[in-house]
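Remember, it's 1-based here, ligands and their atoms both numbered in the order they're listed. For reference, positions follow the sequence shown, starting with 1.
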Amino acid sequence: MDYTDTETFGTILDRTATREKGNCFEDFSEGDRIEHAPGLTLSNYANELWASQTLNHDPMYWRTDAARAAGFEEPPVHPDYLLAAVMGPTVEDLSEKGGYFLGRTNVRYHDQSVTPGTELRVSSTVESTATSSSRPEYGIVTWETEGKDAETGDPLVSYERTNMIPRREPVATDGGESAAADGGDADSGEGDADDTPPSEFITPDGDRFGDFAAALDAAADRDAAVAYRHERGRTMDDVMVATLPLMTLNTAKQHHNVDVMADSPSGDIVAYGDVTRSVALGHARSDEATYRELGCDDERFHTFVTPGDTVYGFTRVVDAEDTHDHAGTVTFEHIAFNQHDEPVYSGTRRALIQQ
Ligand SMILES: CC(C)(COP(=O)(O)OP(=O)(O)OC[C@H]1O[C@@H](n2cnc3c(N)ncnc32)[C@H](O)[C@@H]1OP(=O)(O)O)[C@@H](O)C(=O)NCCC(=O)NCCSC(=O)C[C@](C)(O)C(=O)O
């Protein structure tokens with residue numbers, strides 16, 4: 001028999017089983033620990049592709065003189081690439097089955113001097129599982145993930161992330177179990193006691209710690225916030241949507257299988273949340289003298305970003321603390337938005353900004 005005869009092959013395909021990838025919601029129980037097998041070795045090529053394409057062009061990640069001036073021996077890998085390189089290899093075990101990346105919190109960088117050539121080992125623990133009251137065909141799972149230097153065992157980055165994960169069987173829900181699984185801020189802001197925007201928005205005069213602190217001082221006794229837009233935008237193309245996640249071994253079909261995604265609510269492949277976030281942070285960093293990343297919290301992905309969408313950035317300065325001789329700690333809220341001015345990502349970020 002000729003298996004490649006189109007008609008015959010179609011009949012055979014209908015009768016054969018698919019060897020499935022990934023895990024369903026029912027496969028996760030609180031406390032389960034997963035060592036992610038594939039891992040990867042941080043590469044200069046992937047690092048440069050990630051940082052260049054997401055407009056993260058800070059010289060300290062590109063040139064030895066700038067890296068040395070910032071206290072590194074040589075240019076380290078970009079922290080957004082490091083984070084994505086830790087998360088990518090977890091997808092096969094945790095979220096390849098589908099469902100959306102809802103958010104992440106407690107992102108902490110333990111070592112930012114990591115250079116290309118470093119091999120990663122990544123493990124995750126199931127922190128919680130919950131029923132989704134709005135989508136009975138999904139559950140909501142939160143994992144705690146840690147990426148280490150495989151050779152030394154030193155922790156490099158850790159975070160807690162939450163996804164919707166398909167169930168094998170949809171369940172009837174009473175709407176009672178599905179409070180935000182990570183205890184994060186699942187509130188969209190609706191119903192906040194004060195949801196009236198301030199009457200004035202202040203832009204810092206420059207990109208140094210003192211400029212952010214002075215702007216906050218100026219806003220302190222007025223009905224004002226320190227908040228501004230960033231000029232750059234980045235249109236999502238194939239490299240952004242499919243290449244960057246695959247380069248970090250992220251096998252989520254959402255980013256590279258147009259055939260499957262055509263039947264999904266987005267109707268198309270969608271950008272990996274870490275790419276959207278990295279673009280937003282790249283826009284923000286282009287307007288600040290960043291010294292080190294400290295961490296991010298309450299990251300949320302509000303709606304799909306599909307090929308052709310353009311990602312812009314908005315920043316609100318929340319706090320500025322004079323913590324070091326050469327740099328101060330600034331807390332920002334960043335919002336990425338699309339060409340229709342719809343928020344697609346939000347999160348808070350703490351970074352050391354040069355004095
Ligand atoms: C998912 C959509 C459709 C739901 O939109 P919606 O407005 O209908 O619903 P919602 O109210 O925002 O959230 C739905 C449910 O999730 C819960 N929830 C929400 N956030 C959190 C959180 N942080 N922690 C815990 N729980 C959370 C929330 O409480 C609610 O529970 P309920 O069903 O019981 O009412 C909509 O928000 C959306 O389209 N978001 C964009 C998703 C997206 O594009 N993510 C990035 C790309 S996917 C990706 O990167 C993949 C990855 C990385 O490769 C990979 O995981 O493998």
Side-chain angles (χ1 to χ4, degrees), residues 21-23 25 28 36 83-107 124 127-145 159-167 170-171 173-190 236 240-242 244-257 261 264-280 296-307 309 311 336-338 342-348:
K21 294 285 184 206
N23 288 306
F25 174 74
F28 298 105
H36 302 292
L83 181 61
V86 165
M87 185 148 144
T90 71
V91 168
E92 182 171 345
D93 293 321
L94 306 186
S95 49
E96 178 166 348
K97 200 51 123 191
Y100 291 100
F101 182 14
L102 293 172
R104 188 171 48 195
T105 198
N106 211 9
V107 178
S124 299
E127 210 168 76
S128 63
T129 61
T131 296
S132 164
S133 54
S134 60
R135 289 175 173 73
E137 67 279 24
Y138 290 97
I140 296 172
V141 185
T142 298
W143 307 273
E144 191 176 356
T145 294
Y159 59 82
E160 293 157 54
R161 87 153 147 141
T162 301
N163 272 59
M164 282 203 169
I165 299 295
R167 286 176 172 276
V171 288
T173 68
D174 62 7
E177 281 182 64
S178 59
D182 68 354
D185 178 19
D187 187 354
S188 63
E190 248 174 278
M236 294 301 195
M240 299 296 275
V241 179
L244 293 186
L246 283 171
M247 211 176 49
T248 66
L249 310 185
N250 177 336
T251 48
K253 55 176 83 70
Q254 289 101 309
H255 316 310
H256 62 259
N257 189 332
M261 293 305 288
S264 75
S266 59
D268 202 346
I269 50 175
V270 303
Y272 170 26
D274 262 338
V275 171
T276 304
R277 159 199 195 267
S278 189
V279 170
C296 288
D297 287 285
D298 300 325
E299 298 194 293
R300 297 285 306 269
F301 297 96
H302 300 273
T303 193
F304 311 121
V305 174
T306 54
D309 282 347
V311 175
F337 60 98
N338 63 20
E342 295 162 340
V344 294
Y345 160 86
S346 63
T348 59

(message) If we only consider heavy atoms of Arg104, is any one of them less than 4.0 Å away from an atom in ligand 1?
(response) no
Which atom of [X] lies closest to which atom of [Y], heavy atoms considered:
| X | Y | result |
| --- | --- | --- |
| Gly98 | Lys253 | N-NZ, 3.9 Å |
| Tyr138 | Arg167 | O-NE, 3.5 Å |
| Asp268 | Pro307 | OD2-CD, 3.6 Å |
| Thr129 | Phe28 | CG2-O, 3.7 Å |

Under 4.0 Å from a heavy atom of [X]: which atoms of ligand 1 are those, numbered in the order shown and with their elements?
| X | result |
| --- | --- |
| Met87 | 53 (C) |
| Ala271 | 47 (C) |
| Arg135 | 3 (C), 4 (C), 5 (O), 6 (P), 8 (O), 9 (O) |
| Asn250 | 54 (O) |
| Val91 | 57 (O) |
| Ser133 | 32 (P), 33 (O), 34 (O), 35 (O) |
| Ala252 | 54 (O), 57 (O) |

(request) Mind checking the CG-NE2 spacing from Leu246 to His255? Nearest 0.5 Å is all I need. (result)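 Here the rounded value is 8.5 Å.
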(request) Any chance you could measure Asn250, atom CG, to Leu244, atom CG, to the nearest 0.5 Å? (result) 10.5 Å
(message) Please enumerate all residues that pass salt bridge (charged side-chain N to carboxylate O under 4.0 Å, His left out) together with Lys97, with sequence neighbours excluded.
(response)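 Glu20.
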Counting heavy atoms only, which part of [X] comes closer than 4.0 Å to ligand 1: side chain, backbone, both or neither?
| X | result |
| --- | --- |
| Glu96 | neither |
| Thr276 | neither |
| Ser132 | both |
| Thr142 | neither |

(message) Distance alone, cut at 3.5 Å: any donor-acceptor contact between the side chains of Glu96 and Thr251?
(response) yes
Do any nitrogen or oxygen atoms of [X] come within less than 3.5 Å of a nitrogen or oxygen of ligand 1?
| X | value |
| --- | --- |
| Ser134 | yes |
| Met164 | no |
| Glu299 | no |
| Ser95 | yes |
| Val270 | no |
| Asn163 | yes |
| Phe101 | yes |

(request) May I ask you to check whether Phe304 and Tyr100 place their ring centres under 6.0 Å from each other? (result) yes
(request) Measure the shortest side-chain to side-chain distance between Met261 and Ser266 over non-hydrogen atoms and say whether it is less than 4.5 angstrom. (result)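 Yes. Closest side-chain heavy atoms under 4.5 Å.
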(message) Are Tyr159 and Glu299 packed together at the side-chain level, in the sense that at least one heavy-atom pair is separated by less than 4.5 angstrom?
(response) no
(request) Only one of Asp298, Leu83, Thr145, Asn163 passes side chain to side chain contact (heavy atoms under 4.5 Å, CB included) with Arg104; say which it is. (result)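 For Arg104, the side chain to side chain contact (heavy atoms under 4.5 Å, CB included) test succeeds with only one of Asp298, Leu83, Thr145, Asn163, which is Leu83.
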